[in-house]
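Right, one structure below, let's go through it.
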Amino acid sequence: REPGWTSSLPPSLLLPPSQTYVMPAPCNVCLSLTVYQLQQEAPRPKRITCPQEVSTVQRFVSLSRFHGMISREYADELLGGAEGAYLIRESRRQPGTHTLALRFGHQTLNYRLFYDGKHFVGEKRFESVHDLVTDGLITLYIETKAAEYIAKMTTNPIYEHLGYTSLLKDKMTHRRGRSEPRRVTFQRDDNKITTSPLVRHSALKDPEKQSSYDKIHNFKVHTFRGPHWCEYCANFMWGLIAQGVRCSDCGLNVHKQCSKLVPSDCQPDLRRIKKVFSCDLTTLVKAHNTTRPMVVDMCIKEIELRGLQSEGLYRVSGFSEHIEDVRLAFDRDGEKADISANVYNDINIIAGALKLYLRDLPIPVITFDVYSRFIQAAKIPNPDARLEAIHEGLLQLPPAHYETLRYLMRHLKKVTMFEKENFMNAENLGIVFGPTLMQPPEQNALATLNDMRHQKLIIQLLIEHEDVLF
């Protein structure tokens with residue numbers, strides 16, 4: 001057992017005196033305590049040592065525990081019927097492989113034993129065979145004694161009443177939801193693109209609408225030190241290691257099986273966001289409670305303040321070491337990063353930092369899921385139908401991606417208004433930003449090369465028709 005374990009309830013399950021909560025029957029917490037008690041009662045592992053040294057033992061198996069190539073019957077005899085007794089033998093059916101023989105439930109269970117730097121028979125990896133057996137006995141014992149309860153433990157979740165969700169609801173009080181983008185029908189009249197009806201989508205102008213962005217939890221297998229209870233079903237999370245999963249963005253702790261039922265309502269905690277660059281776009285905007293990444297807002301603001309007439313804006317590169325300095329400043333200081341002319345006089349450094357941020361997103365602004373939809377749209381010969389297809393693709397973007405792209409295209413449209421000074425029209429900007437905003441799901445060099453002209457055209461059209469596409 002891990003040192004320091006106690007039988008007290010975790011703080012997340014304790015309600016303040018001012019609140020009352022009627023637990024649905026059966027009582028999840030009471031039964032969960034029973035599961036905790038079952039873990040305490042599980043058989044302890046008993047190592048059966050070999051009286052003589054076996055020369056064929058492999059490096060990762062203890063000499064005292066390895067019994068060589070013996071039969072199942074002889075292994076059963078050595079275990080002596082003691083619950084929790086175990087030994088390691090070489091398999092007769094598959095010479096060169098190792099078998100863990102474990103006594104449980106008045107029978108001997110045989111498992112293929114693997115090693116890749118750690119010991120395992122399933123998904124969990126252990127530093128020692130003894131820990132593996134300890135965890136296995138806990139799991140076997142609980143699943144045997146409380147099988148019916150485990151099967152039903154997600155039927156009365158407390159997720160909507162306790163812990164993470166109640167705190168999340170408090171943060172969201174009085175905040176409005178995001179309105180859906182309006183569908184626009186494109187028609188050509190006298191060589192001008194119009195909309196019928198002529199409307200422009202204005203969703204997400206209110207920063208508070210950001211709070212309704214859906215985000216799935218980023219669950220990863222986690223080993224909890226001390227007793228922990230699932231924050232979805234309120235049941236005890238049993239086992240020696242890897243008892244459940246934890247969201248690396250918000251810290252929600254749940255059973256692995258419960259993680260499939262948790263809603264997409266992750267509210268990232270800034271303390272868990274290690275950096276700004278290379279961070280998922282939706283995660284970053286939810287953590288900072290903004291409509292767009294602060295990098296995009298701050299860089300565009302600086303560029304529009306002093307760089308719109310800069311020749312070759314976005315095409316001319318700034319010094320790479322200075323761009324790296326800007327990246328480090330955002331990762332270290334966030335929205336307090338100083339990117340003013342006092343620090344970076346060359347506006348190409350700021351433009352380069354913005355391109356680097358967009359290029360390094362783990363999921364591009366135009367996401368992998370809709371990439372092929374946009375590429376197919378670019379291939380449509382009819383201009384009206386092509387814009388219709390692009391508009392339909394925009395409607396499939398996640399809210400944070402949609403708003404970031406909308407804001408960026410509005411900025412690039414403004415850049416083209418100074419074409420006489422900066423020599424950057426929509427086509428030139430499409431060449432620059434196509435591969436930055438659009439990346440194929442599979443990194444195939446030939447396919448990427450073939451798609452470049454389509455990427456350029458998509459960004460060009462988004463800039464030229466920004467006022468009606470968004």
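Throughout, residue positions are numbered sequentially from 1 according to the sequence presented.
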- Task: May I ask you to decide if His98's main-chain N or O and Glu90's side chain share a donor-acceptor pair within less than 3.5 Å?
- Result: no
- Note, Met294 side chain near His288 side chain (heavy atom, < 4.5 Å): yes
- Test item: Glu231 side-chain N/O and Asn253 main-chain N/O as donor-acceptor pair under 3.5 Å: yes
- Task: Would you indicate whether the side-chain heavy atoms of Leu394 and Leu462 approach each other to under 4.5 Å?
- Result: yes
- Contacts satisfying salt bridge (charged side-chain N to carboxylate O under 4.0 Å, His left out) that involve residues 245-257 (not counting sequence neighbours) are Glu123-Lys256, Lys215-Asp249
- Task: Measure the spacing between CG of Leu102 and CG of Leu140 and express it to the nearest 0.5 Å.
- Result: 6.5 Å
- Message: To the nearest 0.5 Å, what is the distance between CG on Leu87 and CG on Leu100?
- Response: 8.0 Å
- Do Ile459 and Thr436 pass the side chain to side chain contact (heavy atoms under 4.5 Å, CB included) test, and can you show the C-alpha distance, the side-chain angles, and the key distance before you say yes or no? CA-CA 10 Å; Ile459 303 305; Thr436 299; over 6 Å; no
- Output yes when Asp76 and Arg103 qualify as a salt bridge under the 4.0 Å nitrogen-oxygen rule, no when they do not. yes
- For the residue pair Leu132 and Val121, what are the closest heavy atoms and their distance? CD1-N, 4.0 Å
- Message: Do Leu252 and Phe219 have side chains that approach each other closer than 4.5 Å (heavy atoms only, starting at C-beta)?
- Response: yes
- Task: Compare every heavy atom of Cys233 with every heavy atom of His255, then report the nearest pair and how far apart it is.
- Result: ND1-SG, 3.5 Å
- So His119 and Tyr115, would you call those rings parallel, tilted or perpendicular, with 30° and 60° as cut-offs? tilted
- Mind listing the closest non-hydrogen atom pair of Leu281 and Ala400 along with its distance? CD2-CB, 3.4 Å
- With distance as the sole criterion, is a donor-acceptor pair present between the side chains of Asn218 and Ser248 under 3.5 Å? yes
Distance-only donor-acceptor hits, side chain of residues 367-379, under 3.5 Å, sequence neighbours excluded:
from, atom 1, to, atom 2, distance (Å)
Tyr371, OH, Asp451, OD2, 2.8
Tyr371, OH, Gln455, NE2, 3.0

- Message: Does atom CD1 (Ile216) have a neighbourhood of more than 12 heavy atoms from anything else shown, all under 6.0 Å?
- Response: no
- Message: Could you check whether any side-chain N or O of Asp280 sits under 3.5 Å from a backbone N or O of Ile363, counting only pairs where one atom can act as donor and the other as acceptor?
- Response: no
- Item | Partners meeting side-chain hydrogen bond (donor to acceptor under 3.5 Å, both in side chains) with Arg125 (sequence neighbours left out) | Asp116
- When you check the gap from the basic side-chain N to the acidic O, do Asp297 and Lys301 get nearer than 4.0 Å? no
- Query: Roughly how far, to the nearest 0.5 Å, is the CD1 atom of Ile142 from the CZ atom of Phe236?
  - Reply: 6.5 Å
- Message: Test of understanding: with salt bridge (charged side-chain N to carboxylate O under 4.0 Å, His left out), list the residues that count as partners of Asp135, not counting sequence neighbours.
- Response: Lys124
- Item | salt bridge (charged side-chain N to carboxylate O under 4.0 Å, His left out): pairs with one or both residues in residues 235-244, sequence neighbours excluded | none
- Message: Which heavy atom of His217 sits nearest to which heavy atom of Pro263, and what is that distance?
- Response: CD2-O, 3.3 Å
- Query: So how far is it from Ile88 CD1 to Ile48 CD1, rounded to the nearest 0.5 Å?
  - Reply: 12.0 Å
- Message: Quick one, Asp331 and Lys274 - any side-chain contact, counting heavy atoms below 4.5 Å?
- Response: no
- Using a 4.5 Å cut-off on heavy atoms from C-beta on, say whether the side chain of Phe330 contacts that of Cys299. yes
- Item | Min side-chain heavy-atom separation Arg112-Gln94 under 4.5 Å | yes
- Sorted by chain and number, sequence neighbours left out, side-chain contact (heavy atoms from CB on, under 4.5 Å) with Asn450 holds for Leu446
- Got a sec, which residues hit side-chain hydrogen bond (donor to acceptor under 3.5 Å, both in side chains) with Tyr314, two or more places apart in sequence or on another chain? His411
- Query: What do the steps show when you test Arg92 against Ser71 for side chain to side chain contact (heavy atoms under 4.5 Å, CB included), and what is the final call?
  - Reply: CA-CA 7 Å; Arg92 283 190 168 184; Ser71 66; 3.7 Å; yes
- Task: Please say which of Ile323, Ile349, Asp338 ends up in a side-chain contact (heavy atoms from CB on, under 4.5 Å) with Tyr344.
- Result: Ile349
- With sequence neighbours left out, write down each residue that passes side-chain hydrogen bond (donor to acceptor under 3.5 Å, both in side chains) with Lys118, or none if nothing qualifies. Glu127
- Item | Quiz item: cation-pi between Arg406 and Phe470, 6.0 Å / 45° | no
- Task: Test Arg332 against Val276 for side chain to side chain contact (heavy atoms under 4.5 Å, CB included), laying out the working first.
- Result: CA-CA 8 Å; Arg332 181 184 63 249; Val276 172; over 6 Å; no
- Task: Only counting residues at least two apart or in another chain, list the ones meeting side-chain contact (heavy atoms from CB on, under 4.5 Å) with Arg93.
- Result: Arg72, Ser91
- Ala101 versus Thr108, closest heavy-atom pair with distance: CB-CG2, 4.3 Å
- Item | Non-neighbouring partners of Glu83 that pass salt bridge (charged side-chain N to carboxylate O under 4.0 Å, His left out), sequence neighbours left out | none
- Message: Can you confirm whether Glu442 is buried at CD, in the sense that more than 12 heavy atoms of other residues, nucleotides or ligands lie under 6.0 Å from that atom?
- Response: no
- Item | Close side-chain approach of Thr291 and Val285, heavy atoms under 4.5 Å | no
- Sequence neighbours excluded, the answer for side-chain contact (heavy atoms from CB on, under 4.5 Å) partners of Arg453 is none
- Measuring from Leu361:CG to Phe277:CZ, what's the distance to the nearest 0.5 Å? 9.5 Å
- Would a 4.5 Å heavy-atom cut-off, applied to side chains only, mark Leu358 and Lys355 as touching? no
- Query: Nearest heavy-atom pair of Cys247 and Cys266: which atoms, and what distance?
  - Reply: SG-SG, 3.7 Å
- Task: Show your reasoning for whether side chain to side chain contact (heavy atoms under 4.5 Å, CB included) applies to Tyr86 and Arg47.
- Result: CA-CA 5 Å; Tyr86 73 95; Arg47 182 187 302 113; 3.6 Å; yes
- So how far is it from Ile303 CD1 to Ile350 CD1, rounded to the nearest 0.5 Å? 7.5 Å
- Is a side-chain donor or acceptor of Gln39 paired with a backbone partner of Trp238 at a separation under 3.5 angstrom? no
- Task: State whether the number of non-hydrogen atoms from other residues, nucleotides or ligands found under 6.0 Å of Lys46 atom NZ is greater than 12.
- Result: yes
- Crowded around Glu324 CD? As in, over 12 foreign heavy atoms under 6.0 Å? yes
- Can you name the residues that form a side-chain contact (heavy atoms from CB on, under 4.5 Å) with Asp131, not counting sequence neighbours? Phe126, Ser128, Leu240
